[in-house]
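What follows is one structure encoded as C-alpha coordinates, with my remarks underneath.
Keep in mind that what you see is a predicted model, and the values were worked out from it rather than measured. What you see below is based on every heavy atom in this structure, not just the backbone, and it leaves out hydrogens, waters and symmetry mates.
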Amino acid sequence: MIFRLAEGIARGENFGECLGKILKEKGISPSEFAKRAKIPHSTLYKILNGENPRYETLSKIFSALYERKKFVALIAARYILEEFSFDQRVRVYPAATLEDAIISAVRAEKEGAGVIICAPIISGLIEKIVDIPVVTIKPRDSIIEAVNVALEKL
(Lines give C-alpha, C1' and ligand atoms only; values in the text may rest on other atoms or scores of the structure.)
Protein backbone atom coordinates (compact mmCIF):
# COMPACT_ATOMS: atom_id res chain seq x y z
CA MET A 1 0.00 0.00 0.00
CA ILE A 2 2.83 2.38 0.82
CA PHE A 3 4.39 1.96 -2.60
CA ARG A 4 1.12 2.66 -4.39
CA LEU A 5 0.67 5.82 -2.35
CA ALA A 6 4.23 6.93 -3.13
CA GLU A 7 3.73 6.20 -6.85
CA GLY A 8 0.58 8.33 -6.89
CA ILE A 9 2.39 11.22 -5.24
CA ALA A 10 5.30 10.85 -7.68
CA ARG A 11 2.82 11.10 -10.58
CA GLY A 12 1.59 14.39 -9.14
CA GLU A 13 -1.69 13.12 -7.74
CA ASN A 14 -3.17 14.66 -4.61
CA PHE A 15 -2.02 12.82 -1.47
CA GLY A 16 -5.50 12.78 0.08
CA GLU A 17 -7.10 11.40 -3.09
CA CYS A 18 -4.46 8.63 -3.34
CA LEU A 19 -4.93 7.73 0.31
CA GLY A 20 -8.71 7.74 -0.08
CA LYS A 21 -8.51 5.34 -3.05
CA ILE A 22 -6.30 2.93 -1.11
CA LEU A 23 -8.59 2.97 1.93
CA LYS A 24 -11.63 2.37 -0.27
CA GLU A 25 -9.95 -0.54 -2.09
CA LYS A 26 -8.95 -2.12 1.22
CA GLY A 27 -12.40 -1.60 2.70
CA ILE A 28 -11.07 0.51 5.57
CA SER A 29 -13.27 3.34 6.78
CA PRO A 30 -11.63 6.72 7.48
CA SER A 31 -12.52 6.52 11.18
CA GLU A 32 -11.03 3.01 11.45
CA PHE A 33 -7.86 4.16 9.68
CA ALA A 34 -7.58 7.25 11.89
CA LYS A 35 -7.58 4.96 14.94
CA ARG A 36 -5.00 2.64 13.35
CA ALA A 37 -2.78 5.62 12.42
CA LYS A 38 -3.33 7.23 15.85
CA ILE A 39 -4.35 10.56 14.36
CA PRO A 40 -7.52 12.59 15.03
CA HIS A 41 -10.48 11.81 12.76
CA SER A 42 -10.73 15.50 11.86
CA THR A 43 -7.10 15.55 10.69
CA LEU A 44 -7.65 12.57 8.41
CA TYR A 45 -10.79 14.10 6.93
CA LYS A 46 -8.89 17.33 6.17
CA ILE A 47 -6.15 15.32 4.44
CA LEU A 48 -8.69 13.30 2.44
CA ASN A 49 -10.22 16.62 1.33
CA GLY A 50 -6.94 18.02 -0.01
CA GLU A 51 -5.04 19.50 2.95
CA ASN A 52 -1.35 18.58 3.05
CA PRO A 53 -0.32 16.66 6.18
CA ARG A 54 2.48 17.67 8.53
CA TYR A 55 5.55 15.43 8.62
CA GLU A 56 4.54 13.82 11.95
CA THR A 57 1.08 12.99 10.60
CA LEU A 58 2.54 11.72 7.34
CA SER A 59 4.85 9.43 9.30
CA LYS A 60 1.91 8.01 11.27
CA ILE A 61 -0.05 7.42 8.06
CA PHE A 62 2.81 5.56 6.41
CA SER A 63 3.37 3.48 9.56
CA ALA A 64 -0.29 2.50 9.60
CA LEU A 65 -0.14 1.52 5.91
CA TYR A 66 2.94 -0.62 6.37
CA GLU A 67 1.84 -4.26 6.14
CA ARG A 68 3.98 -6.38 8.40
CA LYS A 69 3.87 -10.09 7.93
CA LYS A 70 2.79 -11.75 11.14
CA PHE A 71 5.04 -14.40 12.62
CA VAL A 72 5.19 -16.80 15.54
CA ALA A 73 7.55 -15.80 18.35
CA LEU A 74 9.15 -18.73 20.18
CA ILE A 75 10.66 -17.81 23.54
CA ALA A 76 12.84 -20.50 25.12
CA ALA A 77 16.29 -21.21 26.51
CA ARG A 78 19.11 -20.90 23.97
CA TYR A 79 20.23 -24.52 24.38
CA ILE A 80 16.73 -25.73 23.48
CA LEU A 81 16.44 -23.45 20.47
CA GLU A 82 19.79 -24.64 19.09
CA GLU A 83 18.37 -28.15 18.67
CA PHE A 84 15.68 -27.12 16.19
CA SER A 85 15.31 -25.47 12.82
CA PHE A 86 12.16 -23.51 11.97
CA ASP A 87 10.73 -21.99 8.81
CA GLN A 88 10.78 -18.26 8.17
CA ARG A 89 7.41 -17.66 9.86
CA VAL A 90 8.95 -18.49 13.25
CA ARG A 91 11.34 -16.11 15.01
CA VAL A 92 13.23 -17.37 18.02
CA TYR A 93 13.87 -15.29 21.10
CA PRO A 94 16.47 -16.90 23.39
CA ALA A 95 15.90 -16.20 27.09
CA ALA A 96 18.15 -17.14 30.00
CA THR A 97 16.01 -15.59 32.75
CA LEU A 98 12.36 -14.80 33.40
CA GLU A 99 13.20 -11.15 32.86
CA ASP A 100 14.67 -12.01 29.42
CA ALA A 101 11.45 -13.87 28.56
CA ILE A 102 9.25 -10.91 29.53
CA ILE A 103 11.39 -8.47 27.55
CA SER A 104 11.38 -10.84 24.57
CA ALA A 105 7.58 -11.13 24.68
CA VAL A 106 7.11 -7.36 24.66
CA ARG A 107 9.69 -7.00 21.88
CA ALA A 108 8.06 -9.77 19.82
CA GLU A 109 4.65 -8.12 20.04
CA LYS A 110 6.16 -4.75 19.10
CA GLU A 111 7.91 -6.35 16.10
CA GLY A 112 4.60 -7.75 14.83
CA ALA A 113 4.28 -11.26 16.26
CA GLY A 114 0.83 -12.77 15.84
CA VAL A 115 1.34 -15.45 18.51
CA ILE A 116 3.88 -16.12 21.26
CA ILE A 117 4.98 -19.59 22.35
CA CYS A 118 6.68 -19.90 25.74
CA ALA A 119 7.20 -22.09 28.80
CA PRO A 120 4.39 -22.64 31.31
CA ILE A 121 6.32 -20.92 34.10
CA ILE A 122 6.03 -17.57 32.30
CA SER A 123 3.03 -17.94 29.96
CA GLY A 124 0.46 -16.73 32.51
CA LEU A 125 2.36 -13.51 33.13
CA ILE A 126 3.01 -12.90 29.43
CA GLU A 127 -0.71 -13.33 28.70
CA LYS A 128 -1.36 -10.41 31.08
CA ILE A 129 1.24 -8.20 29.38
CA VAL A 130 0.61 -8.69 25.65
CA ASP A 131 -2.52 -8.37 23.53
CA ILE A 132 -1.85 -11.37 21.28
CA PRO A 133 -2.45 -15.10 21.88
CA VAL A 134 0.07 -17.02 24.00
CA VAL A 135 0.62 -20.74 23.49
CA THR A 136 2.17 -22.72 26.34
CA ILE A 137 4.82 -25.33 25.65
CA LYS A 138 3.84 -28.69 27.11
CA PRO A 139 7.07 -30.66 27.64
CA ARG A 140 5.52 -34.13 28.23
CA ASP A 141 8.25 -36.28 26.69
CA SER A 142 11.11 -34.32 28.21
CA ILE A 143 9.54 -34.54 31.69
CA ILE A 144 9.14 -38.31 31.41
CA GLU A 145 12.70 -38.61 30.13
CA ALA A 146 14.04 -36.44 32.97
CA VAL A 147 12.13 -38.46 35.59
CA ASN A 148 13.50 -41.73 34.16
CA VAL A 149 17.06 -40.41 34.21
CA ALA A 150 16.61 -39.19 37.78
CA LEU A 151 15.19 -42.58 38.85
CA GLU A 152 18.17 -44.34 37.31
CA LYS A 153 20.51 -42.10 39.31
CA LEU A 154 18.73 -43.02 42.54
With sequence neighbours excluded, give me every side-chain hydrogen bond (donor to acceptor under 3.5 Å, both in side chains) pair touching residues 40-52.
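Residue pairs passing side-chain hydrogen bond (donor to acceptor under 3.5 Å, both in side chains), neighbours aside: none found.
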
Pairs satisfying side-chain hydrogen bond (donor to acceptor under 3.5 Å, both in side chains), at least one member in residues 112-135, at least two apart
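The answer is Ser123-Thr136.
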
Hey, what do you get for [atom1] ([X]) to [atom2] ([Y]), rounding to the nearest 0.5 Å?
X     : Y     : atom1 : atom2 : result
Leu58 : Lys60 : CG    : NZ    : 12.0 Å
Lys38 : Thr57 : NZ    : OG1   : 14.0 Å
Leu19 : Asn14 : CG    : CG    : 10.0 Å

Can you sort out the partners of [X] under side chain to side chain donor-acceptor pair (under 3.5 Å), two or more places apart, ordered by chain and number?
X     : result
Ser59 : none
Ser85 : none
Asp87 : Arg89

Pairs in or reaching into [range]: which pass salt bridge (charged side-chain N to carboxylate O under 4.0 Å, His left out), with residues at least two apart or in two chains?
range            : value
residues 10-23   : Arg11-Glu13, Glu13-Lys21
residues 142-154 : none
residues 94-108  : Arg107-Glu111

Partner set under salt bridge (charged side-chain N to carboxylate O under 4.0 Å, His left out) for Glu82, not counting sequence neighbours:
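Result, salt bridge (charged side-chain N to carboxylate O under 4.0 Å, His left out) vs Glu82: none returned.
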
Just to verify, what does Lys35 make a salt bridge (charged side-chain N to carboxylate O under 4.0 Å, His left out) with, not counting sequence neighbours?
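Testing Lys35 for salt bridge (charged side-chain N to carboxylate O under 4.0 Å, His left out), a comparison that skips the adjacent residues, returns none.
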
Between [X] and [Y], what is the shortest heavy-atom contact and its length?
X      : Y      : answer
Ser104 : Pro94  : OG-O, 4.1 Å
Pro30  : Leu44  : O-CD2, 3.0 Å
Ala73  : Ala113 : CB-CB, 4.0 Å

Does Gln88 CD have over 12 foreign heavy atoms under 6.0 Å away?
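No, because the 6.0 Å sphere around CD of Gln88 holds 12 heavy atoms or fewer from other groups.
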
Following the transitive rule for hydrophobic clusters with a side-chain heavy-atom cut-off under 4.5 Å over Ile, Leu, Val, Met, Phe, Trp and Tyr, establish whether Val147 and Leu154 coincide in one cluster.
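Per the 4.5 Å side-chain linkage, Val147 and Leu154 are co-clustered.
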
Which hydrophobic side chains are connected to Tyr93, either touching it within the sub-4.5 Å cutoff or through other members that do?
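Noted: Tyr93 shares its cluster with Phe71, Ile75, Leu98, Ile102, Val106, Ile116, Ile121, Ile122, Leu125, Ile126, Ile129, Val130, Ile132, Val134.
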
Quick one: hydrophobic cluster around Val92, which other residues, with the 4.5 Å side-chain cut-off, linked directly or via members?
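In the cluster with Val92 are Val72, Leu74, Tyr79, Ile80, Leu81, Phe84, Phe86, Val90, Val115, Ile117, Val135, Ile137.
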
The test is side chain to side chain contact (heavy atoms under 4.5 Å, CB included); show your working for Ile47 and Ile61 and say whether it passes.
CA-CA 11 Å; Ile47 292 168; Ile61 289 170; 3.8 Å; yes

